[in-house]
Structures are given as structure tokens and as C-alpha cells.
Protein chains: 2
Amino acid sequence: MAANEDPKAVAELLWGLRKAPSRGPRPAFDVTQIADAAVKVADAEGLEAVSMQRVAAELGFTKMALYRYVNDKAELIAVMIEAAVGAAPDLSGIAGWRAKLEEYARELSAAWRHHPWLPSITAGDRVMGPRETAWPESALSALADTPLTERERLDAIMLVSNHIRATHAAAIPGTQTWTSGEAAPIMRDLLLLNADRFPLLATTHATPSATTTQEFGLHAILDGLEHAITQRTPKG
Amino acid sequence: MAANEDPKAVAELLWGLRKAPSRGPRPAFDVTQIADAAVKVADAEGLEAVSMQRVAAELGFTKMALYRYVNDKAELIAVMIEAAVGAAPDLSGIAGWRAKLEEYARELSAAWRHHPWLPSITAGDRVMGPRETAWPESALSALADTPLTERERLDAIMLVSNHIRATHAAAIPGTQTWTSGEAAPIMRDLLLLNADRFPLLATTHATPSATTTQEFGLHAILDGLEHAITQRTPKG
DNA sequence: GAACAACTGTGTCCATCAGACACTGTGTAT
DNA sequence: ATACACAGTGTCTGATGGACACAGTTGTTC
């Protein structure tokens, strides 16, 4: 559980700056095969099933062989992410920043739906690979014609991405927050039992609505951004 | 690393439904002392330093003694959360839903600042204890006089909470996104080296701004909610 | 008061994890 | 031909969460 967390080494790995050796036996595989195998395990059995042992077994090699390609497990995770994120969407064919951002959110959500373990580990300070980096680049393009400052554009796309991330679990099939998962029904019973202490929560029966939690939040965020944009746009 | 994840058992623990035994030796301590010790470790050395061994040592007992009070580590985490979350804010003295939500966001942010490990583990489907449950109850009170539906109110407060959670790390002292952490400067160098592939990101020099990332997002969210609220409010 | 049953904390054991290190074998450069 | 750099393997360590048997303690029941 050490996970060296050496961002410089991770960067060299992800951006192809590792020097290829000239002498010695040919490697039996490469780092992308490791990444693919690990992604396969994570997709099938969850991220917690991904161990050096398990991934090595998937490739038919011993655990320690992986350490020739990857310094530690943190690097394994890094290449997994880079392998699992798909191609960033091209938003140039869409008119208007709002439609672009909506499409971006949809694409992001779809990518994460294919790899449910992805959103949780892509949070926080981290070195991204080139494929992943293309995503925020794409998102920024949506706001290019906007009067927002560079800083605000960055904040705006993080706001959208973080919202999709947070609502990801609740947005999976047709489930909704407070009604999905196995903890939710128990939580509901507890609230009803303690309705005197938590009247607002207890009476919130998760009324079915036309929009999902994810849609509601995205809509609100975009409305808020629109407000900021029109405010900065000189009228006339 | 099993973590039984039995939400029913967790609920019994957190809501005080565990039957107290009548016979046998008196317990040397109780579950709240375990929780406090674990919180102390997490605050000082991070969540990853919290192991059964470590917490038991803190109390001067063996690891296995803890299992008399807690079924597994998942329950340890659960009582840690309940012990660490402070008292939910009372928003009744504040006028207007927007000011109330702003205060709520501030309080939430402050609570998490005292326990930086808290936001990451409080995400997702989970059984909450009574102290923690008081928080969303408090947040809902901010929107009570609002024309939003129950569902929308829930979605709204989750939107705010999730935003605070996501921007928490970046909001710590005076740091900003893309400039905090040890990965950020490396990421920056990579972007400059590959400015042709990522022109928008590369030229985004994280221009200093008056507002923080957290403030910008919260402002946008509240603007969006205001839009939804005024839209539903019959004019005249 | 004695016997019993419930309960306590302890000691021992196991599987699994990430990772260090020594080793044998292999291919290339000299 | 020989030396060297590299490959994958086997073995070991320390930490993890947790199962289980055990001896000691205490309230309940006779």
C-alpha cells in the first residue's frame, strides 16, 4: 500500500519519455498490455480486485515481472486511467457554448459509465496522460468564444466535470439519489423512525420527477454560467 | 480489506440500537473512544494511517479487542465519520435561501477543513449517523420557503455539497486548482512542452483572480438555483 | 454461596497485499 | 568470444483485515 506517488516518474511513463533499452532480452509484453489487463479486471470485478498479482496472472506472468514496466501500483493506476479514458469529444461541430458543454457532459458521463471505477480515482491532484489531457482541452474549447477569463473557464469546466463525477453513481441506470444502492432503503427507514428529529428529510419521499439528479444539477450549473457570461457581455 | 459493508449493522451501530449486554466483565472502553482515537490518527497522519492495529495501540489495547465494539473496518470508518462531523449549522437566523445556503457551504467547508480525510469518504451511497444526518436536514431548511419540489431541493443541496467536496482540496489554504499539490507543476511543464496539442490548456496560465475556484462555482450554482426558483415563482 | 452462562480482552493463525532483492537466463554491443 | 544490460522468477518481509480458541471476569440463577 505504499504507492510511491512520484509524479515525475508517472509523467515520464504516461508521456512516453521512458528510454527504451537496447540490450537484453526482448520484453515479453509492454505497459499498454498491462494497462489493458488491469482495466479488464477493474471493469469486471471492480477496482479493489486490481492487484499486482491479479493483473500479472491475467497476463500469464508473475507479479514481479510487472515491476519491470511499472515502478509501483500508483503507476499501474495511472496507466489504467490513460488506457480507459476514451477519445475526447470534438465539439467543433456544435454551435454555442451551452450545447457544447452539454455534449461534453454527456460524453464524459458515457465514458465513465463504461468504466465505473474511473470517476473516483480521477479526482484530486494528479498527473494526467495525453489522452486524458485532451478532455479538459476539449471542454475549454466550448468556452473559447466566451468573455470569461482563462481562470473562470477552467473553474467552469471543473464545475461541470465534478458535477458529473459526483452524480455518476446515482445516474447509472434509471436509479436516483436516495433510492439507489443498498444503504438507501435503510437510511429511509431510519428517517421515518426519526421523523421528529429530521422532519424535512423524512417527508422528502423522493418524489419522481421528469429530470434526473444529474440533469437538474447540470441545468442549474449551466444557468449559472450563462448568468456570468451574459453579465460580462457588453449589451449592444 | 474485506469490509463487510453490511449497512444494516452499520445503522444499528450509529443509531444506538446495539443491545447492551448485562452479564460479563465491564467493557474497558466504548465505541466513541475508538472513534475519537481513530479520528485523532486520521487528523494527524491521514486516513491511510488508520488501521485496527494503530487505533488499538492508541487506546492501549490489542487489535482484536476493537472487534468487540465494531464488526469490521467499515464500521470503524462509519463511527469515525459520525464522530468527526460537527454539529450541523442552525440557519434559522439567516434571511433568504441564498444567504442560508452560502452559510451552509461555509460551515461545511470549515468542518471538512478540520478533518481533511472526511470529504473523500463521505461520498457515495452510505448509511449516515444522526449527527451527520442533521447536515442535509439543515441544508433543506434553507430551501423550505422555496417553490422547488422536494426532489429538487434534495438535488440542490447535493449540488452544493458536492461542489464543496470537489473543490475542498483546492480550497485549503491560499492554494488554487492547477497550482496546488506536487503534481501540478509537472503537469504545467508537460502542457508547455506540448502546447501545440493542448493550446487552450497551455495558455491558461492560471491567471490570478479575485475569487477562488470554490467561490466561483458556488456563485454559479446559486445563480442557477435562483434562476430555477424565480422561474417557478408566479410573478405578481 | 456455588454453578453457570455471557461476555471480556488476548494470543495465535491465516490469506492477501505491495514491494525488496538475489538469481538465472537472454540478447546485444564491443 | 566475452562482457554487460536487461528479462522474468522465486523467495522473503512487513503490514493489512479478520477468524478463532482461549483464560479470566461478572451478573444471573439455583
Side-chain angles (χ1 to χ4, degrees), chain A residues 1-6 9-10 12-13 18-35 37-38 41-42 45-80 117 121, chain B residues 1-6 9-10 12-13 18-35 37-38 41-42 45-80 117 121:
Chain A
M1 275 285 185
N4 267 3
E5 185 88 21
D6 180 354
V10 174
E12 286 171 3
L13 215 205
R18 286 260 219 272
K19 65 232 164 204
S22 53
R23 281 194 277 192
R26 272 181 224 105
F29 47 103
D30 62 26
V31 71
T32 69
Q33 287 175 269
I34 297 179
V41 172
E45 305 167 45
L47 187 62
E48 73 284 351
V50 175
S51 70
M52 302 305 271
Q53 197 94 262
R54 184 78 178 73
V55 174
E58 205 74 14
L59 292 166
F61 290 91
T62 59
K63 173 185 60 165
M64 292 313 292
L66 301 189
Y67 285 97
R68 293 280 172 194
Y69 303 84
V70 145
N71 282 331
D72 51 33
K73 192 174 181 184
E75 290 194 3
L76 207 216
I77 301 290
V79 296
M80 280 180 70
W117 46 272
I121 46 167
Chain B
M1 272 287 189
N4 267 3
E5 185 87 23
D6 181 355
V10 175
E12 287 170 3
L13 214 205
R18 285 260 218 274
K19 65 228 164 211
S22 53
R23 283 194 275 193
R26 273 182 225 105
F29 48 103
D30 62 25
V31 71
T32 68
Q33 287 175 269
I34 297 179
V41 172
E45 305 167 43
L47 188 63
E48 73 284 351
V50 175
S51 69
M52 302 305 270
Q53 196 94 261
R54 184 77 178 74
V55 174
E58 206 73 14
L59 293 166
F61 291 90
T62 58
K63 172 185 61 164
M64 292 313 293
L66 301 189
Y67 285 98
R68 294 284 172 194
Y69 303 85
V70 143
N71 282 332
D72 52 31
K73 192 174 179 182
E75 290 194 3
L76 206 218
I77 301 291
V79 297
M80 280 179 70
W117 46 273
I121 46 167

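Reckoned from all heavy atoms, side chains included, excluding hydrogens, waters and symmetry mates. We name chains A, B, ... by the order of the sequence lines, and we start the count at 1 in each one.
- Within the 4.5 Å cutoff, the side chain of B:Leu66 has no heavy atoms near those of the B:Leu76 side chain.
- In this entry the distance linking CG of A:Leu59 with P of D:dG8 reads 11 Å, nearest Å.
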Can you give me every donor-acceptor pair (side chain of residues 47-65 of chain A, partner residue at least two apart or in another chain, under 3.5 Å) with its distance?
from	atom 1	to	atom 2	distance (Å)
A:Ser51	OG	A:Arg54	N	3.0
A:Arg54	NH1	A:Glu58	OE1	2.5
A:Arg54	NH2	A:Glu45	OE2	2.4
A:Glu58	OE2	A:Lys40	NZ	3.4

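- Minimum heavy-atom separation, A:Glu75 to A:Ala9: OE2-CB, 3.4 Å.
- Side chain of A:Lys73, nearest nucleotide from D:dC6, C:dG19, D:dG17: C:dG19.
- Here B:Tyr67 does not reach the OP1 or OP2 of D:dG17: none of its side-chain N or O atoms lies under 4.0 Å away.
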Under 3.5 Å donor-acceptor pairs involving side-chain atoms of residues 24-35 of chain B, not counting sequence neighbours:
from	atom 1	to	atom 2	distance (Å)
B:Asp30	OD1	B:Thr32	N	3.1
B:Asp30	OD1	B:Thr32	OG1	2.8
B:Asp30	OD1	B:Gln33	N	3.1
B:Gln33	OE1	B:Asp30	N	3.1

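- Taking the side chain as every heavy atom from C-beta outward, A:Ile77 and A:Ile121 approach each other to under 4.5 Å.
- At whole-Å resolution of the value, NZ in B:Lys63 and C1' in D:dG14 are 13 Å apart.
- The distance between atom CZ of A:Arg18 and atom C1' of D:dC6, rounded to the nearest whole Å, is 15 Å.
- Rounded to whole Å, the distance from CG on A:Leu66 to C1' on C:dC17 is 14 Å.
- Rounded to an integer number of Å, the gap from OH of A:Tyr69 to P of D:dT9 is 10 Å.
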Check the interface with nucleotides 21-30 of chain C: list each N/O to N/O pair with the protein under 3.5 Å, or write none.
from	atom 1	to	atom 2	distance (Å)
C:dT28	OP1	A:Arg26	NH2	3.3

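- Look at B:Ser51 and you'll find a side-chain N or O under 4.0 angstrom from OP1 or OP2 of D:dT16.
- D:dA5 atom P lies 13 Å from atom NZ of A:Lys19, rounded to whole Å.
- Atom pair B:Gln53:CD and C:dT10:C1' shows a separation of 13 Å (rounding to whole Å applied).
- Distance, B:Met52 CE to C:dC17 P: 19 Å, rounded to whole Å.
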